[in-house]
Trainee: 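One structure is given below, represented as structure tokens, and several questions about it will come after.
Just so it is clear, the model here is predicted, and its values are computed rather than measured. Residue numbers start from 1 in every chain, and the chains themselves are labelled A, B, ... in the order their sequence lines are given, proteins ahead of strands.
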Amino acid sequence: MSAYEPKQIEQRWQRVWAEEKTWEVANPGQAGFDDTKPKSYVLEMLPYPSGEPHVGHLKCYAVGDAIAHFRRRRGFQVIHPMGYDAFGLPAENNAIKTGEPPREATERSIASFRRQFREWGISIDWSRELGTHTPEYYRWTQWIFLQLFEQGLAYREEAAVNWCPKDATVLANEQVVDGRCERCGTVVEQRKLAQWFFRITDYAERLLADFDLLESWPEHVITMQRNWIGRSEGAEVTFRCEEVGLDFPVFTTRPDTLFGATFFVLAPEHPELERLVAGTEAEAAVREYVDRVGRESAEERGAEDREKTGVPLGRSVVNPVNGEQIPMYVADYVLMEYGTGAIMAVPAHDGRDYEFAQTFGLPLRRVIEGVDEEAARDEQGLPYPGDGPMTGSGRFDGKGNREAYEEIVAWLREEGRGEDAVNYRLRDWLVSRQRYWGAPIPVVYCDACGEDDEPAIVPVADEQLPVELPAIDDYAPQGRSPLAAAEDWVATSCPRCGGPARRETDTMDTFVDSSWYFIRYLDSKNENAAWDRRASDHWLPVDQYIGGVEHAILHLMYARFFTKALADLGHLDVQEPFANLFAQGMITRDGAKMSKSKGNTVSPGEYVERYGADTARTYVCFMGPPERGGDWTDEGVEGVNRFLSRLWRLCAEVEERTAAGGPDAEAAPEGGPARELLAKAHWAIAKATADFERGFQFNTVIAAVMELVNDAYRLKDGLYGEPAGEAALRFATETGASLIFPFAPHLGAEVFERMTGERVWERPWPEPDPALLASDTVTLIVQVNGKLRDRIEAPAEAGEEELLELARASEKVQGHLDGKQIVKEIVVPGKLVNLVVR
RNA sequence: GCCCGGAUGGCGAAACCGGUAAACGCGGCGCCCUUAAAAGGCGCUGCCCCGAAAGGGGCUUGCGGGUUCGAGCCCCGCUCCGGGCACCA
């Protein structure tokens, strides 16, 4: 009998799928478009092509492909494309080290990914393939940038960035490790540079509200995004500094504690600081403090156990609720980026204000009594952040603080000193990078069009797109984008006035590229538009998105933002890009995250070479629930390989039998092995279908097919009775192939063809026969006082009385009744009897 | 500190609506095939106790309570592990 040789089988089917373009689908209006089927967009996150694919890729695409195959055979027209997120730092860092142009290393890696995806037999519509680094793609990334720019959603502003003084370069956040430059170890500084931003904060509210529009996303991903957006409700209250005649609004979530404010703090970056202290005694100390803070990294400043620091300003503001003068400070625990960059400090009810007050000997004033505390009225138990009755708050005393909250805000509103306010933790998205390997930002600076010595920012005209990335020699950053060195490229003419102008030399964050690729797939060869509305209207949203949790926040939120902004611009008709999201867990080795330095990496290529793609794919799906992680073991791989070999040999044996004796037309009588095997096959169909539809329980789908194959072995030769016979065996084998096909497509296709002469992917997913699922008898569980005492084969149709009689008649049960009184009888028909005795 | 997950045999796990705990796989043990090995096939395999055996009994889903005829699953209180956010007013 021939052995299972995956290589031959796999190559054969890969050739068929490539030559026949089996997985390509047409768009509406194109030849071959099938308008009879509902659509399903199945998408895995596109890979970042660096080096070779790793097991994370294998898992992601194995899971996605199983879904795609299942949906096709359930009658959907499935679109399942692939592309490469090809811009980014690794290729550029490699270029700095080796001098190899990023494009070359990237193309090499893409070729390797493409080849391996084909070797894995992933059912991809290759006609839609894209790379985000190609001018054909980034031309439209630039177009989207300009669309956002025209809407005021892209803007340029000074911002603090990470700066390494030794390398004289700007660093990405990921290149700052523990506040130091990852390359030279120098402490990183904050520098103010003009940067490009996307106004994602305008969408904060919708990004929160539209979680309701999603069909199925993992709860923890939604929670992570919620926390990231960080919506806080409160009030904006204005404190006035009479000495300099300035109003200072603050944001607070606790207007109920206003009477407890005993001091006031500004962030070191606060723009009015200068005016407050200019020419005063405090000026020198304040300036020194602000300078010191400015030199610190965000990491240092945010350190957990850091002592509170600050400097008094020698000024005071008036508390609008009681007219009290409270002293002003500057302190680095107040952040300019959040709220108004100023706070009212209530040390009795806020931990941070409390610490500051302790350090600087400032008074506490309790304005909310603790409810159950012994020392509810004195300084013990402070800071107290909880609820309770108001005290020391004038006419609000005695009221609950929640009630007082509303009344105080209403009062401030009437007085014109405050109003309800909402704040978000979310910041605008900084998209410019002083880097080479990215899509150039398509604007120019024109002095002639500008005013007041400020050059005008002029968008590049649509017909001049793409702004192509020029070839350069030196990729090392010099404190400006490496593109700045390409002087011929930088010097251009102004699209508006035709005069001399300079190109923007920053490139875009790679997250911009990946925020819209799923739309481009729908019309990836379109040279006249980013996409055709007919295509996007038909295919969007993505019905099932699959990828790692590491993208739970950034990528997924950026893509959601892009979708909403593009919908607002009239380019899309969906508000959410991904209706269903599946976040896969990480595969470890020896219990640890895989890394080259630990030497515990698993190369999918090696396993595909040794065991075949079907084994590797089925194994990652069988390891456990795919949303959880799993530890890769070679024994586990062997086990799956053994199972697939068993299916293969079963097929070979059934074929031989036919050659020898011809199919026996058999009846599969009740109680016989043929009937048993057919019933098992239909059970497996029902189980596999249910588990597929329930979500991603692939491990149990595969287990069901294993059970079917085991039963086929057990029954085929009749070791313990009659053999099952040809027809039942053939059906069991065919069914096993059909059900395993989404995981092991090559073997599934091969075995199915040998059994039926047909192509499994052209056959609908099998339906279980209810007549064969039903059984004449059931195992009745008999409990006494909830403990299992006997199992009895009972007629499936038996009524409650009959079951009770059977149960009471059981000898084993009798032994436990033993003179006791039956006080209650519980019957679950077809399942269980519980006798309660006393 | 706040917010999410999770904890079941030697291991990965299963258990759908509160109704047989441990399906399936790994590992281990035994047998068959073989001159032998590999490969393959067949069986056993949660823990403890009684028994020569057949068989019987008890215990068991991180810990402690509760609800229920019945809890891995529901409720209350903890412990440990993993992840996210974190001076966000």
Trainee: Using the side chain to side chain contact (heavy atoms under 4.5 Å, CB included) criterion, which residues pair with E793(A)? Sequence neighbours excluded.
Mentor: T777(A), T779(A)
Trainee: Check salt bridge (charged side-chain N to carboxylate O under 4.0 Å, His left out) between D691(A) and all other residues, then give those that pass, not counting sequence neighbours.
Mentor: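 D691(A) satisfies salt bridge (charged side-chain N to carboxylate O under 4.0 Å, His left out) with K687(A), R694(A) once adjacent residues are dropped.
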Trainee: Among residues at least two apart in sequence or on other chains, which ones pass salt bridge (charged side-chain N to carboxylate O under 4.0 Å, His left out) with E693(A)?
Mentor: R74(A)
Trainee: Distance-only criterion, 3.5 Å: show the donor-acceptor pairs between side-chain atoms of residues 263-273 of chain A and protein atoms not counting sequence neighbours.
Mentor:
residue	atom	partner	partner atom	Å
E269(A)	OE2	R301(A)	NH1	2.6
H270(A)	ND1	E272(A)	N	3.2

Trainee: In B/S/- notation, 5' to 3', how is nucleotides 11-22 of chain B contacted by protein heavy atoms closer than 4.0 Å?
Mentor: -SSSSS--BB--
Trainee: Counting the atoms with a prime plus P, OP1 and OP2 as sugar-phosphate, which does K787(A) contact under 4.0 Å by heavy atoms, base, sugar-phosphate, or nothing?
Mentor: sugar-phosphate
Trainee: Name every residue in residues 328-339 of chain A that has at least one heavy atom under 4.0 Å from any atom of RNA chain B, in order of residue number, or write none if there are no such residues.
Mentor: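 Those residues are D332(A), Y333(A), V334(A), L335(A), Y338(A).
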Trainee: Describe the nucleic acid contact of N423(A) in one word from base, sugar-phosphate, nothing, applying a heavy-atom distance below 4.0 Å.
Mentor: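 Touches nothing.
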Trainee: Using a cutoff of under 3.5 Å, can you pull out all pairs of nitrogen or oxygen atoms linking the protein to nucleotides 53-55 of chain B, with atom names and distances?
Mentor:
none

Trainee: Only pairs with both distances under 3.5 Å count, Watson-Crick or wobble alike; so what is the partner of C69(B) in this structure?
Mentor: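 Paired with G19(B).
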Trainee: Output yes when at least one side-chain N/O atom of R642(A) is less than 4.0 Å from OP1 or OP2 of C26(B), else no.
Mentor: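 Yes, such a contact exists.
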Trainee: Can you tell me which residue pairs pass the side chain to side chain donor-acceptor pair (under 3.5 Å) test with a partner in residues 583-593 of chain A, sequence neighbours excluded?
Mentor: T588(A)-D631(A), R589(A)-D634(A)
Trainee: Could I get the full list of salt bridge (charged side-chain N to carboxylate O under 4.0 Å, His left out) partners for K59(A), not counting sequence neighbours?
Mentor: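 K59(A) satisfies salt bridge (charged side-chain N to carboxylate O under 4.0 Å, His left out) with no other residue.
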Trainee: Do R646(A) and Y713(A) meet the cation-pi criteria used here (NZ or CZ under 6.0 Å from the six-membered ring centre, within 45° of the axis)?
Mentor: yes
Trainee: Excluding sequence neighbours, so at least two apart, what forms salt bridge (charged side-chain N to carboxylate O under 4.0 Å, His left out) with R254(A)?
Mentor: D256(A)
Trainee: Could you list the donor-acceptor pairs under 3.5 angstrom formed between side-chain atoms of residues 701-709 of chain A and any protein atom two or more places apart in sequence or on another chain?
Mentor:
residue	atom	partner	partner atom	Å
E707(A)	OE1	K680(A)	NZ	2.8

Trainee: Would you give me the side-chain donor-acceptor pairs under 3.5 Å for residues 224-231 of chain A, sequence neighbours excluded?
Mentor:
residue	atom	partner	partner atom	Å
Q225(A)	OE1	R560(A)	NH1	2.9
Q225(A)	NE2	A552(A)	O	2.9
R231(A)	NE	E205(A)	OE1	3.2
R231(A)	NE	E205(A)	OE2	3.2
R231(A)	NH1	E233(A)	OE2	2.8

